Number of protein chains: 2
Amino acid sequence: MTKEAPATGDQRRTQLLRGVLDLCLLSLIEERPRYGFELAEALAAGGLEPVSDGSIYPLLARMERAGLISSYRAPSPTGGAPRKYYRLTDAGCAELGRGRADWLAFAGSAGRILTATTQSTGEHST
Amino acid sequence: MTKEAPATGDQRRTQLLRGVLDLCLLSLIEERPRYGFELAEALAAGGLEPVSDGSIYPLLARMERAGLISSYRAPSPTGGAPRKYYRLTDAGCAELGRGRADWLAFAGSAGRILTATTQSTGEHST
DNA sequence: CCCATTGCCTTGCGGCACAAGATAGTCGGC
DNA sequence: GCCGACTATCTTGTGCCGCAAGGCAATGGG
């Protein structure tokens with residue numbers, strides 16, 4: 001066979017990530033300063049399948065360039081290359097707030113459409 | 001100007017759509033046969049901002065090619081070009097089921113990460 | 001006959017997750 | 001001392017897809 005293997009479910013997660021990955025990072029960074037490797041682990045621990053570091057580092061760079069986060073370097077206590085910690089800026093904090101609202105609104109609408117046909121009455125928005 | 005206007009919120013919705021737009025269409029079609037124009041309206045009515053038809057038609061074509069939906073033409077009762085109705089195939093129905101599960105799992109994880117840190121000591125800005 | 005409306009489809013663009021690989025710093029074994 | 005292993009960051013090329021804008025087709029009314 002040529003190359004079919006749609007792997008539908010796998011690809012959907014990738015597409016879903018596009019909308020919330022930046023927000024997740026922002027949210028995790030809000031908790032406390034974090035570095036790239038740690039973020040990948042935290043995402044996996046949070047229930048999202050492992051996100052490749054090739055997605056995380058460019059995204060962090062973009063967000064820093066956008067002024068949403070700032071970074072500083074610190075040596076690795078376990079030995080190894082120095083870590084680059086990120087923390088939220090004011091703008092990043094504001095953006096995170098907006099993003100959370102966006103996500104809630106969107107997830108609500110989408111979820112409603114996706115489950116609307118199984119039942120029709122009685123739903124509430126939180 | 002080369003590039004400007006981040007329009008953050010606007011773009012986020014676009015990225016979010018990637019993960020669920022196909023599922024939404026599938027879900028709406030499951031309810032009853034629908035045609036392109038109608039789907040755009042249904043999405044808007046469902047709470048999602050208007051999705052451009054330039055996104056919907058190619059997606060429908062892709063899904064038909066993938067065997068998830070099938071189509072038939074019928075004249076427009078209100079006068080105008082004939083409509084192209086889509087209905088779910090077996091595969092489409094199965095895919096919709098998988099997709100719903102994927103969405104629920106993903107939305108759960110993402111939502112958890114996004115709201116995990118909100119409650120701690122002192123959140124006062126608002 | 002002409003034109004507005006309804007409805008479908010195509011092209012060019014831009015953004016992003018991903019795989020794979022390169023780079024750098026530190027440590028332990030030999 | 002040198003080499004391999006581990007930690008951690010960054011870069012390039014690829015493919016996917018929503019979107020804006022524009023074009024085509026069919027119908028019915030002025």
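A, B, ... follow the sequence lines: proteins, then strands. Residue 1 opens every chain. Keep in mind that what you see is a predicted model, and the values were worked out from it rather than measured. Computed from heavy atoms alone, side chains included, the values below leave out hydrogens, waters and symmetry copies.
- Counting only N and O atoms by type, the side chains of A/R87 and A/Y85 include no donor and acceptor under 3.5 Å apart.
- Using a 4.0 Å heavy-atom criterion, one finds that A/G36 contacts the sugar-phosphate atoms exclusively.
- Here the CG atom belonging to A/L21 is positioned 5.0 Å from the CG atom belonging to A/L59, to the nearest 0.5 angstrom.
- At the heavy-atom level, B/R83 lies under 4.0 Å from the strands shown only through sugar-phosphate atoms.
- One distance of note links CZ of B/R32 with CD of B/E38; it measures 4.5 Å at 0.5 Å rounding.
- Within 4.0 Å (heavy atoms only), A/P58 reaches at least one base atom of the nucleic acid.
- Looking at the side chain of A/K84, the nearest of the listed nucleotides C/dG15, D/dT11, D/dC10 is D/dC10.
- The base of D/dC16 sits within donor-acceptor range of the side chain of B/R18, with an N or O pair under 3.5 Å.
- Atom OH of A/Y57 sits about 8.5 Å away from atom OH of A/Y35, to the nearest 0.5 Å.
- Distance, A/L39 CG to D/dT9 C1': 13 Å, rounded to whole Å.
- Checking A/P50 against B/A81, the closest nucleotide of DNA chain C that is more toward the 5' end is the one next to B/A81.
- Considering only side-chain atoms of A/L21, the nucleotide from C/dA17, D/dC19, D/dA26 that sits closest is C/dA17.
- Among the nucleotides D/dC10, C/dG15, D/dC19, the one closest to any side-chain atom of B/Q15 is C/dG15.
- Between A/V51 and B/E41, the residue anchored nearer the 5' end of DNA chain C, judged by the nucleotide with its closest heavy atom, is B/E41.
- Taking 4.0 angstrom as the limit, B/Y57 places none of its side-chain polar atoms (N or O) nearer than this to OP1 or OP2 of C/dT10.
- Side-chain atoms of B/S52 lie closest to D/dA20 of the nucleotides C/dT6, D/dA20, D/dG18.
- Salt bridge annotation for B/R12-A/E95: present, with a cationic side-chain nitrogen under 4.0 angstrom from a carboxylate oxygen.
- C/dG21 atom P lies 13 Å from atom CG of A/D53, rounded to whole Å.
- Looking at the side chain of B/Q11, the nearest of the listed nucleotides D/dG18, D/dA8, C/dC16 is C/dC16.
- The side chain of B/S76 places no N or O atom within less than 4.0 Å of a non-bridging phosphate oxygen (OP1 or OP2) of C/dT6.
- When rounded to the nearest whole Å, the span between CE of B/M63 and P of C/dC9 equals 13 Å.
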